[in-house]
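Encoded as structure tokens, the structure appears first; notes follow it.
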Amino acid sequence: MQLFAKRLDVKEEDIFSELLHFLLRKNNRMLTNDEIIELTGVSPELLYKWVKIGKLHPATFPNIGAPCERCGQLTKEKICISCSSSIVGILEQEEKDRIWFNKIQRPDRRIHTYYHK
Ligand SMILES: [Zn+2]
């Protein structure tokens, strides 16, 4: 069954409502991205877009994902778990570096407080 393959004149909203209708049928909620693309002919770009803007919610369709914005691996979030943990690590390191940098850049203020005493 190819719902959309040969129908380029159809509006995005119409494709979405048709796709949603299809997905909400019994047993279709558990379909994966690849299965949906194969069964309906919907383009992966549209599917990912709808996942990202929350039109296709992972709570309703647990096996649908969109590519991670960093590495491209399919995920239910904007970025996948491994990227988000590595980004947190990078940010923590940056914060440490920033503190260290400020420390070595800033003139020692104790000298001033010494004079004001
Ligand atoms: Zn990733």
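Order of appearance sets the numbers: ligands from 1, and atoms from 1 within every ligand. Source: prediction; values computed, not measured.
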- Going by atom types only, do Arg70 and Ser86 share a side-chain donor-acceptor pair under 3.5 Å?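 Yes - a donor-acceptor pair under 3.5 Å links their side chains.
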- Task: Can you tell me which residue pairs pass the ring pair (Phe, Tyr, Trp, His ring centres under 6.0 Å) test with a partner in residues 71-99, sequence neighbours excluded?
- Result: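 As it turns out, there is no ring pair (Phe, Tyr, Trp, His ring centres under 6.0 Å) pair with a partner in residues 71-99 once direct neighbours are skipped.
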- Message: Closer than 4.0 angstrom, basic N to acidic O: yes or no for Glu13 and Lys55?
- Response: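 A salt bridge links Glu13 with Lys55.
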- Item | Check against side chain to side chain contact (heavy atoms under 4.5 Å, CB included), Ile53 and Tyr48 | CA-CA 9 Å; Ile53 60 178; Tyr48 297 154; over 6 Å; no
- Task: May I have the step-by-step check of side chain to side chain contact (heavy atoms under 4.5 Å, CB included) for Leu47 and Thr40, ending in yes or no?
- Result: CA-CA 11 Å; Leu47 193 60; Thr40 65; over 6 Å; no
- Item | Least distance between heavy atoms, Phe22 atom then Asn28 atom |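 Smallest interatomic distance, heavy atoms only, reads O-ND2, 2.7 Å.
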- Do you know how many protein N, O or S atoms are within a distance smaller than 2.8 Å of the Zn ion (ligand 1)?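 N, O or S atoms of the protein closer than 2.8 Å: 4.
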